[in-house]
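Have a look at the structure below, then the notes.
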Amino acid sequence: MIRVLLAAALCALSLRLAAAPAAVFEAGGDSSEISIAEAGDGRYENALLEGRPCVMNASFADKLYFSVLPEIRKTLPSELWIVVSGQSDVPGQMVLRYNSKAEPYKFSESVRLLMGRPDTLVFRLPDAAFAGSQNGGADFRIETYRFRLTKLEIYTSEPGVPAMTSEERAAEIEKEIGQLPEGFLPAEDPMEFIVCGDDGFGKQGREARQKDPFFGTSFDDESCAILKRLGVSSVECYVTFEGLMPNSEGVWEWGPWDREHQVLKKHGLRYSPFLILGPSYAMPDWYRKTPDFRPGRCLEHGESNLVDNIWNPSLPKYVDMFLAECARHYGPDFLETVLLGIQGDFGEAIHPVMGGLAGIDPGSYHGHAGFWCDLPEALEEYRAWAKRRYRYIAFLNKAWGKSYGTFRDVDFPARGEAMERLAEGIRDASPAAKREYLDFVTWYREAMDRYADMWMKTAAKYFGETPVYLCTGGAGEPRHGSDFSLNAKTCAKYGGGIRLTNEGSVYIHTNLATRLLTSAARFYGARCSKEPFGNVTPEGVVARIYGSVTSGCSQHEDYYRNLTDHPDKFGYVARYAGLLRHERELPMPAVLYYPNIACTLGEAPWWPDYENIRYMANCDYVDENMLRDGALEGRRIMVMPATILEPGDARLIMAWVRRGGLLIVMDREPMKAVDGTDACEKLMFPGGADDFAWGKGRVVRTDDFEEIARIVTGEMERLGCATYYSPKHDFFGADLGGRLLFYNPGEKEVTAEYVYKGRKTRLVLPPRSIKEAVYAP
């Protein structure tokens, strides 16, 4: 009996010795064995978990880097176990990347996290080789959302710590998802509510891409269940030409996507693939080795990139092949929408603005914001465009200040450093140089629009009734080649839509950045959507929903992390998903003039004034394209800056005033024409007065914002509209036709006031809230 007891004691002692950690990190304690390091993408913050010290990543993009004491590092074998203790605030997963024998950032297996309760996770590293070769001299890092880490231990043998099996963990997570708040889209005319995967460019390099051709945008059972709980209608993932045809032309490899399709169908979710062929990372290596591949070349340096140029005559046949196969494979019932990735760095309908994508195949290449048209085909097209524009070379020479003999002699405005100087200094250039540059940029934008037209026409042929959206980005910079209103008009021609990828967390700023595109889409009859350019704050989730509704979007798109990486975000989405209705008729008697010509020619920004005006009215924007297509018809009020105009556009504006329009010029500077003359000033202020009647209408010039607010709200009241001016700039209103939608972006309760038919009504808006008020139109 004694021998048995002694043997049991020795066995227990042996187990205890085997289970002792080789190194320990403890938040708030003496962690000399393992230290947490700050690196460029590794910011952390000290926090508390039920009164105990913990550390957590400062944002979604930040990793937690750890370094082992060199004396201990030398003693570690290649097979290790790392035990992480703490608690996750949100649903998600954790993965380790560690120094292995083969690479410095090898992935471990990922583990799903429990929500809001203590958790212990065990990671096995079969081939560790800690050498301090990560950022900040770290040996490994943790990638997760919001995990409050209290303790981390390294073991040299399998630890005997209590940890859930994967089956037990999955069962617990399923229960937790069932307790999350539910979101529901409106029953009548709901928007397409689309969510893209977490990590669009998290998996870098050829090997990782072969394992994950989705770039981390795919979904599993847990994430699909969460999305379904929120009321999401479909998911988006990246479907690249390289991913579907990686090895040779004509051989399609649908296996990874088909497996994901089954998961989506299991959870009752539809599909909205991002079909990407244009940018470098979407092109297979075999294609680059063919003579059909023709990269762009910049005017600034005469160097090529690795992005196929939009004038390449071989591209349409590959676009046709790609879209035809996708349409055939998916069929109509599974798809909710399709997004086209046609060019740029990520798929937007713009030219490249970066040099490679941080190690993603095909690696770094020459890139910058520039004019990517130093190509024989592009120059030939430019000369033909100039001939259509001027008909006679003498007219062109007079306008541009040139002395070309024939149109065959016409060249781009400049090359090399001269092109860079011209673009940067165009505001102070001569009138002739401005005219040439404006013509050149107009051609450059129209060329991109023709390329987009080819894509939209091809997609319409194959996808039938499925809504097809064009992806675009930026802010309409000349070197991007984008023209949002022109692109929206093209998309409308094929019954499609357009999505802009530049929305952030602050409503007043993103309204300014996106309103031209949504206004143009509504005017021309295209569908429209907005996408965040990255992670958004919890208040940004509310702001984006409000923005989608009040700008008449047909689609609300977001990233999975923006719904789940903070405890408040999930609740906000569930609370306000019911507002995501496609508001097709938005009463907007007032518009703001968007001077694209002035922006192209480098005029000083007037954005703060337009942001201020949003506090008194929910306005559409009208640019030169829309003006010439009749966008002022049916509008009563237009506010604009003193800006650069074409005389023909000034005549169109004054003809609208004569028919009964109210024009407010919001500063006292004179109007200017592209040619530097005062022709537009004389057309718009013929008598020199700042306030005068013109036919049935009126023109007012003032730099007093309160006077502008008084005139605008007074005219809207006279027209029988509800008014909701926020003089303290602490809330926003929008008329949806018979009901007003108010938004309080702040952290304090505010009282909103609106006036309808002389009657004032007040309502209390809680912090970060959207609230509806019904009135009788």
Side-chain angles (χ1 to χ4, degrees), residues 192 194 196 217 233-245 252 254 257 261 270-279 282-283 287 307-308 310-344 346-350 446-473 481-501 517 520-521 524-531 553-555 557:
E192 303 138 1
I194 298 174
C196 187
T217 62
S233 57
S234 67
V235 304
E236 174 188 325
C237 80
Y238 291 17
V239 182
T240 65
F241 188 36
E242 183 211 49
L244 289 183
M245 197 182 285
W252 301 94
W254 279 100
W257 280 273
H261 300 163
R270 297 179 73 187
Y271 201 40
S272 293
F274 188 11
L275 305 182
I276 314 169
L277 183 146
M283 285 292 187
Y287 170 76
V307 181
D308 224 326
I310 66 173
W311 295 273
N312 183 352
S314 299
L315 266 178
K317 71 178 180 182
Y318 291 99
V319 172
D320 190 282
M321 176 200 306
F322 179 52
L323 297 183
E325 171 65 13
C326 289
R328 182 201 64 79
H329 192 85
Y330 292 128
D333 296 333
F334 184 38
L335 297 179
E336 182 171 45
T337 69
V338 168
L339 181 67
L340 302 179
I342 75 171
Q343 244 284 326
F346 297 95
E348 303 94 333
I350 62 176
E446 289 179 1
M448 178 60 75
D449 189 68
R450 282 193 296 275
Y451 183 62
D453 186 288
M454 180 271 292
W455 271 84
M456 292 297 296
K457 182 178 181 179
T458 307
K461 176 172 66 173
Y462 290 117
F463 288 100
E465 298 301 315
T466 301
V468 176
Y469 287 76
L470 179 73
C471 179
T472 191
S482 53
D483 186 325
F484 296 154
S485 59
L486 184 62
N487 298 155
K489 184 177 180 179
T490 293
C491 293
K493 182 167 65 172
Y494 299 105
I498 185 167
R499 182 196 292 178
L500 183 57
T501 62
L517 181 136
Y524 289 115
R527 306 173 76 85
C528 64
S529 174
K530 298 178 290 183
E531 176 181 323
C553 287
S554 56
Q555 179 187 97
E557 195 272 356

Show the nearest heavy-atom pair for residues [X] and [Y], with the distance to one decimal.
{"X": "Y524", "Y": "S485", "value": "CE1-O, 3.6 Å"}
{"X": "G473", "Y": "I350", "value": "O-CG2, 3.7 Å"}
{"X": "A459", "Y": "V468", "value": "CB-CG1, 3.8 Å"}
{"X": "A521", "Y": "A488", "value": "N-CB, 3.9 Å"}
{"X": "L517", "Y": "S529", "value": "CD2-O, 4.4 Å"}

For residues [X] and [Y], determine if any side-chain heavy atom of one lies less than 4.5 Å from a side-chain heavy atom of the other.
{"X": "L335", "Y": "S234", "answer": "no"}
{"X": "S482", "Y": "M448", "answer": "no"}
{"X": "L277", "Y": "M283", "answer": "yes"}
{"X": "W257", "Y": "V239", "answer": "yes"}
{"X": "P279", "Y": "I276", "answer": "yes"}
{"X": "F241", "Y": "L275", "answer": "no"}
{"X": "K530", "Y": "Q555", "answer": "no"}
{"X": "E446", "Y": "R450", "answer": "yes"}

Donor + acceptor pair across side chains of S233, E336 (<3.5 Å):
yes
Is the closest side-chain donor-acceptor distance between W455 and Q343 under 3.5 Å?
no
Residues Y287, D308; criterion side chain to side chain donor-acceptor pair (under 3.5 Å); working and verdict
CA-CA 10 Å; Y287 170 76; D308 224 326; 2.4 Å; yes
What residues form a side-chain contact (heavy atoms from CB on, under 4.5 Å) with [X], not counting sequence neighbours?
{"X": "A327", "result": "Y462, F463"}
{"X": "A452", "result": "I342, L470"}
{"X": "P313", "result": "R294, E377"}
{"X": "D449", "result": "L486, N487, T490"}

Specify whether H329 and H261 have parallel, tilted or perpendicular ring planes, treating 30° as the upper limit for parallel and 60° as the lower limit for perpendicular.
tilted
Relative to the ring of F334, is the ring of Y271 parallel (under 30°), tilted (30 to 60°) or perpendicular (over 60°)?
parallel
In Å, rounded to the nearest 0.5 Å, how long is the span from [atom1] of [X] to [atom2] of [Y]?
{"X": "M454", "Y": "Y451", "atom1": "CE", "atom2": "OH", "value": "5.0 Å"}
{"X": "D453", "Y": "K489", "atom1": "CG", "atom2": "NZ", "value": "11.5 Å"}
{"X": "F274", "Y": "C196", "atom1": "CZ", "atom2": "SG", "value": "8.5 Å"}

State which residues pass salt bridge (Lys or Arg N to Asp or Glu O under 4.0 Å) with R499; sequence neighbours excluded, sorted by chain then number.
E236, E531, E557
Residues two or more places apart in sequence or in another chain: which of them pass side chain to side chain donor-acceptor pair (under 3.5 Å) with K461?
D320
Give the C-alpha distance, both sets of side-chain angles, the deciding distance and a yes or no for side-chain contact (heavy atoms from CB on, under 4.5 Å) between L500 and C471.
CA-CA 6 Å; L500 183 57; C471 179; over 6 Å; no
Paired with Y469, the side-chain contact (heavy atoms from CB on, under 4.5 Å) test is passed by just one of T337, I498, L340, namely T337
With side-chain contact (heavy atoms from CB on, under 4.5 Å) as the criterion, how do E192 and R527 come out once you've worked through the C-alpha distance, each side chain's angles and the decisive distance to 0.1 Å?
CA-CA 11 Å; E192 303 138 1; R527 306 173 76 85; 2.6 Å; yes
Flag the pair R270 and D333 as a salt bridge only when some basic side-chain nitrogen lies within less than 4.0 angstrom of an acidic carboxylate oxygen.
no
Measure centre to centre between the rings of W254 and Y330, then say whether the value is under 6.0 Å.
yes
